[in-house]
Amino acid sequence: MALTTEESGRLVGLLAMHAERVVQRWAEIVAASLRGRLSQAELRLQVQDLHRSMIDAGAEGLADIQSESAGELRAALAELSRGWARQGFSATETAVGLYALKDVLIELADSGEVELRDVITFSGLVDRMGLFTFETYVQTREGLIADQAEQLLELSTPVVKIWDGVVAVPLVGTLDSARAQVVMERLLQTLVDTGSPHAIIDITGVPAVDTQVAQHILKTVVAARLMGADCIISGIRPQIAQTIVALGIEFGDIATKASLADALRHVLRITGVDAARRQPRRDA
Amino acid sequence: MTAGVDLSPKAQAIGSDEDVVRVRQLVRTVAVAVKLSLVDQTKLVTAASELARNTLVYGGGGTAEVTVVDDGRRRGVRIVFADAGPGIPDLTLALTDGYTTGGGLGLGLSGARRLVDEFDVDTAVGEGTRVTVTKWSR
Amino acid sequence: MERVPVLKIGDILLVSIQIDMSDQTALALQEDLAERIVETGARGVIIDITALDIVDSFIGRMLSTIASISRVLDAETVVVGMRPAVAITLVELGLSFNGIRTALNVERGMELIAASHDDLGPDEEMDDPEPGQAATSV
């Protein structure tokens, strides 16, 4: 599969000799497939870059895309496919960006500049370059998805201070184990940062609760207690109440309230009674 | 990627109280190096503390060996606690919450198991005990 | 062996644990505190564990024991400053802090101790309110 030193030498010679024509045609073919989503000038620059790295790598004997001398070429390919993946180009479009080089080679063969046999050999290399690009593309997209998932977690778990000494987490959407964990840590940290002894976990916006999620909420409440804070759960829907009972989950002595407003009133009453107890005119 | 961080296996003898503290510190260093989350670090160090104390109190001393493991997708920390003590006659019972022969809370083994991802006990009466725990990064 | 200092502030003893304690150090602290409570006639003990990055079952038991001892000696114990990761780990470990009062920070801990003394005689206090307390409540 790998190119011999001789073959790679011929490829470099070919690319160097017809540099202008190769770059021009390569850019044109790619441009056609992208239908103008990348300017001709930009495309030309990128193709030129690849073209140059191929020649540089080939000068040291471009046996294979995985070989040591191809380090720079791999970097150039990776940069190209990362860039395209970020700009939302499809995997096919990215791969075609490279496979266009094969068309250029065939055109060169048609005009008798290169042996057909060599075209086939070179095609093998281009294929492997394409596959490499594809892999980088997938990695980039996976990275993007992971980043977005994390951002989503951040977005969807706000912990807000709603009163002096009272913080609330309004949970919206499906709670999976990972998110429940993030919420738990975020809430507990906020209790410390704000010195708030009261927390309200509002689950009005949570459509369903399974055993694991219920366990996470319970653990949060217990952990908050260990730290010296009190948790109230509000907004339990009828279906969720049924699930909790059906699953046999013990909510024990954890305070639950119908709505966030009720929960806040409850907290204010506790602290209010506390304050009132020390007020001289409490019998009034 | 991890230039400057030594990830080679490290061993710590457990022969005294202070050694339990040293095991905790060693595990913490490695857990930070493989980038476990703060909660996971805390869980692993706590489990290590329980198991190191078991090695000292029940096994009459031994060693803890900390290694970095890699399954291709993620990295983790593996700790092996080994002693040549009396062994555990009834493992099921020893893993029960609240069961203790040493006057503790009986949460050492069973609690440590809940704090890690993988937990394995290899014990033979009269020969000793080997507890292997692993925590993976997420 | 290192010792954890016990500070006296008014009628409260403040212990701020700043080191990774060995089991012996923890036991010594337990004894020191019992002595100091009697010696000073303290009404409250605040144990600040803000600096502790783990609490295992041994330290958990020490805290419980201190709370029980101080109760016998008519002093209220409040453990303050537990880190979130530590709390999450303790829940997983299965350690319940039964009988231990906790607060987010030293200030809240002092309020708790002050409030528990109020409970003893609210009526007397109405006749003779202590100056600082009326102000904090409103």
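As a basis for the values below, the full set of heavy atoms in this structure was taken, side chains included, without hydrogen atoms, waters or symmetry mates. Just so we're on the same page: letters track the sequence lines, and every chain starts at 1.
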Asks: Does A/D164, at its CG atom, have more than 12 non-hydrogen atoms belonging to other residues, nucleotides or ligands within less than 6.0 Å?
Replies: no
Asks: How far apart are the closest heavy atoms of A/A223 and C/A87, and which atoms are they?
Replies: O-CB, 3.6 Å
Asks: So, applying side-chain contact (heavy atoms from CB on, under 4.5 Å) with A/L226, which one of C/L95, C/I100, C/T89, C/V91 is it?
Replies: C/V91
Asks: Rounded to the nearest 0.5 Å, how far apart are CE of C/M82 and CG of A/L191?
Replies: 13.0 Å
Asks: Using a cut-off of 6.0 Å, state whether more than 12 heavy atoms not belonging to A/Q239 lie near its atom CD.
Replies: yes
Asks: Can you confirm whether A/E72 is buried at CD, in the sense that more than 12 heavy atoms of other residues, nucleotides or ligands lie under 6.0 Å from that atom?
Replies: no
Asks: Check whether more than 12 heavy atoms from other residues, nucleotides or ligands sit under 6.0 Å from atom CG of C/D11, and answer yes or no.
Replies: yes
Asks: Quick check on C/E92 against chain A: is it the side chain, the backbone, both or neither that has a heavy atom closer than 4.5 Å?
Replies: side chain
Asks: Are more than 12 heavy atoms from other residues, nucleotides or ligands located less than 6.0 Å from atom CD of A/E93?
Replies: yes
Asks: Under 3.5 Å, is there a donor-acceptor pair between the side chain of C/R108 and the main chain of A/G195?
Replies: yes
Asks: Select, from C/V86, C/T102, C/L112, the one with the greatest count of heavy-atom pairs under 4.5 Å involving chain A.
Replies: C/T102
Asks: Less than 4.5 Å to any heavy atom of chain C: does that hold for the side chain of A/T220, its backbone, both, or neither?
Replies: neither
Asks: Can you find a pair of side-chain heavy atoms, one from A/V192 and one from C/R83, that are under 4.5 Å apart?
Replies: no
Asks: Between A/A229 and C/L104, what is the shortest heavy-atom contact and its length?
Replies: CB-CD2, 4.4 Å
Asks: In Å and rounded to the nearest 0.5 Å, what is the CG to NZ distance from C/L90 to A/K219?
Replies: 13.0 Å
Asks: Does a side-chain heavy-atom distance below 4.5 Å link C/P84 with A/E185?
Replies: no
